[in-house]
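Here the structure is laid out as structure tokens; the discussion comes afterwards.
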2 protein chains.
Amino acid sequence: MERLPDLDPADPRPIHQQIAARVREAIESGVLQPGDRVPGENLLMTRYAVSRWTAREALALLANSGLITKVPKVGTFVRDQRRLQRKPRRYRRQRGTAEFATEARAAGLHPDIEADSRVVEAAEDIAARLEIPAGTEVMRTEYRFLADGRPIQLATSFEPFDLTRDTPIERPEEGPLAGTGVITRMDSIGVEITRVAEEVSTRLPSPGETEALRVPSGVPVFCIHRTFSTDQRPVEIADIVIPGDRYALTYEFRVTEDDDPVTL
Amino acid sequence: MERLPDLDPADPRPIHQQIAARVREAIESGVLQPGDRVPGENLLMTRYAVSRWTAREALALLANSGLITKVPKVGTFVRDQRRLQRKPRRYRRQRGTAEFATEARAAGLHPDIEADSRVVEAAEDIAARLEIPAGTEVMRTEYRFLADGRPIQLATSFEPFDLTRDTPIERPEEGPLAGTGVITRMDSIGVEITRVAEEVSTRLPSPGETEALRVPSGVPVFCIHRTFSTDQRPVEIADIVIPGDRYALTYEFRVTEDDDPVTL
DNA sequence: TAGTGGTCTAGACCACAAT
DNA sequence: TTGTGGTCTAGACCACTAC
């Protein structure tokens with residue numbers, strides 16, 4: 001019945017770590033395939049003659065490292081580790097469609113975008129990133145990106161309101177240019193975006209993000225701070241949160257001489 | 001003595017989650033500052049009249065989300081959430097020094113690099129990324145990057161051995177060009193690198209990485225697959241592992257017309 | 001020596017899913 | 001109905017740190 005090997009009495013590690021190692025080896029060697037049921041708490045208790053806590057802790061180790069998923073009242077299963085999607089990050093003019101929708105369709109998924117815009121006063125950190133005084137009016141837009149109905153990306157963008165006030169693109173996701181992307185929209189009011197900067201960090205999701213993105217426990221998220229700028233000033237910043245298990249971010253450059261900047 | 005508020009009997013959440021929420025609020029509100037001691041298991045047991053397990057689970061929740069650090073036999077402390085270092089990613093010729101050493105010195109740290117090179121036969125995945133047949137000889141180099149003696153970055157690089165065999169740069173970290181970076185080294189044998197691609201993913205560290213990088217539990221790592229190419233072919237690939245709590249990756253582009261690629 | 005977190009036992013009750 | 005994981009109690013021994 002049980003494929004898991006015995007423990008090694010000479011192993012100095014705690015028992016729960018040894019049990020976790022046995023299960024891990026079974027997964028990494030392919031004995032247990034993604035989606036397979038992992039021996040549960042009861043099974044581990046009897047198999048290794050340990051208490052509930054020890055078995056539970058062993059599984060917790062694996063769940064926290066993202067190797068397995070616990071489904072309450074159903075069982076524990078090997079997680080699928082594949083990264084299904086890519087996020088090529090290039091920025092071009094005249095795109096005609098926003099990044100996300102293009103990517104999703106390329107992956108055969110039906111994209112959907114929910115957006116909620118309102119004018120707010122810029123907080124300290126937002127103001128600093130937009131290089132405007134704190135308290136200045138900005139248009140803040142919260143996005144939820146859905147693929148086949150599942151939320152897959154969150155973003156909050158800020159645009160200085162003095163730029164877009166009383167223009168057709170006052171609200172990013174309304175009007176004729178909805179869904180075309182920042183560069184196209186800004187172009188339409190004569191604002192030429194020439195630079196993009198992204199700062200990528202990673203962390204475990206907050207409880208709110210766990211819920212909104214439905215990420216399994218133990219899966220980190222990417223957090224991207226993106227800035228679109230003209231030659232003069234930043235004109236849009238966005239904070240983007242992406243599940244780390246479903247995306248890889250790709251960046252490409254061309255190497256140039258000396259102090260000349262990079263290109264692809 | 002205790003600043004933590006009482007629990008709400010009407011709260012439907014499990015007790016350990018409620019306790020974790022109280023501690024979390026104390027940290028996020030600034031009552032507990034980074035480095036401060038967090039109420040330990042014994043204190044939580046008496047404060048909320050719960051068992052050891054409940055108190056422990058509450059702290060485990062916070063530790064797994066990276067908010068606190070448990071130090072065995074010493075106590076539990078609020079983790080410093082600041083990202084101390086940046087990793088500007090630009091690639092230029094004639095750099096003279098490898099990326100890492102420059103970055104570290106800029107941050108006032110003493111850099112140190114350990115490297116171990118050997119010739120191996122390329123496995124399937126490595127061969128595919130280098131666009132060579134599997135089994136071809138490659139020079140594989142394992143790096144450990146230290147800052148002030150602490151390991152802070154791991155990398156494994158692969159170079160097709162037919163390129164560098166019997167040249168002064170056969171082993172990347174030996175000879176006169178040690179520490180100068182791939183672009184400079186390849187230049188010296190007439191191989192002109194013109195493109196760089198990075199694919200960034202994130203995950204929780206493997207047990208080995210946890211140990212090698214000494215990352216606290218609950219901290220994800222960046223995993224970067226980097227490819228240096230000439231106009232003809234890939235000439236170096238590297239898998240880089242970086243603690244996610246100490247680095248942010250920055251990428252900058254210049255926006256270009258239509259199908260023209262990106263630049264900074 | 002007192003206090004900490006690490007590890008572990010041996011129980012218990014629960015709601016829910018699968019059957 | 002059975003089995004699952006979720007939650008929780010009430011103990012225990014340990015090694016190590018701080019004092």
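Being a predicted model, the structure only gives us computed values, none of them experimental. Naming: A, B, ... by sequence-line order, numbering from 1 per chain.
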*CD on Gln17(A) to CZ on Arg24(A), rounded to 0.5 Å*: 10.0 Å
*Decide side chain to side chain contact (heavy atoms under 4.5 Å, CB included) for His16(B) and Trp53(B); before the verdict, give the C-alpha distance in whole Å, the side-chain angles of both, and the deciding distance to 0.1 Å.*
CA-CA 9 Å; His16(B) 67 266; Trp53(B) 184 90; 4.0 Å; yes
*asked:* Whether Ser51(A) contacts dG11(C) is assessed here as follows: a side-chain N or O lying under 4.0 Å from the phosphate OP1 or OP2. Is that the case?
replied: no
*Quickly work out the Trp53(B) CH2 to dA12(C) C1' distance and round it to whole Å.*
13 Å
_Each nucleotide in nucleotides 14-19 of chain D should get exactly one letter: B, S or -. Can you fill that in based on protein heavy atoms under 4.0 Å?_
-BBS--
*To the nearest Å, give me how far apart CD (Glu57(B)) and P (dG6(C)) are.*
13 Å
*So Leu4(A) and Leu44(A), side chain to side chain contact (heavy atoms under 4.5 Å, CB included) or not? Walk me through it.*
CA-CA 9 Å; Leu4(A) 294 174; Leu44(A) 290 180; 3.9 Å; yes
*Grab the CG-C1' distance between Leu7(A) and dC8(C) for me, whole Å please.*
14 Å
*Would you check, one step at a time, whether the test side-chain hydrogen bond (donor to acceptor under 3.5 Å, both in side chains) holds for Glu198(A) with Tyr251(A)?*
CA-CA 10 Å; Glu198(A) 298 200 350; Tyr251(A) 296 91; 2.7 Å; yes
_Whole-Å distance separating the CE atom of Met45(A) from the C1' atom of dA10(C)_ = 9 Å
*asked:* Does a side-chain N or O of Gln17(B) approach OP1 or OP2 of dG6(D) to a distance below 4.0 Å, or not?
replied: no
*List the steps and the verdict of salt bridge (charged side-chain N to carboxylate O under 4.0 Å, His left out) for Glu142(A) and Arg118(A).*
CA-CA 9 Å; Glu142(A) 306 228 18; Arg118(A) 65 189 57 186; over 6 Å; no
*Does Arg52(B) make a side-chain donor-acceptor contact with the base of dT7(C), cut-off 3.5 Å?*
yes
*Just how far, in rounded Å, is P of dC8(D) from CG of Leu44(B)?*
14 Å
*For the pair made of CG in Leu43(A) and C1' in dG3(D), what is the distance, rounded to whole Å?*
11 Å
*asked:* Walk me through whether Glu199(B) and Arg129(B) qualify under side chain to side chain contact (heavy atoms under 4.5 Å, CB included).
replied: CA-CA 12 Å; Glu199(B) 180 186 290; Arg129(B) 287 163 60 194; over 6 Å; no
*asked:* Side chain of Lys70(B) only, heavy atoms from C-beta on: which candidate in dG6(D), dC8(C), dG6(C) is closest?
replied: dG6(C)
*Arg56(B) CZ - dT4(C) C1' separation (whole Å)*: 11 Å
*Crowded around Glu28(B) CD? As in, over 12 foreign heavy atoms under 6.0 Å?*
yes
*Given dG3(C), is OP1 or OP2 found less than 4.0 Å from the side-chain N or O atoms of Asn42(B)?*
no
*asked:* Less than 4.0 angstrom between a side-chain N/O of Thr54(B) and OP1 or OP2 of dT9(D), yes or no?
replied: yes
*Please report, rounded to the nearest Å, how far the P atom of dG6(C) is from the CG atom of Leu59(B).*
9 Å
_Need one value for Ile15(B): base, sugar-phosphate or nothing, where a base atom within 4.0 Å counts as base even if backbone is also close, heavy atoms only._
sugar-phosphate
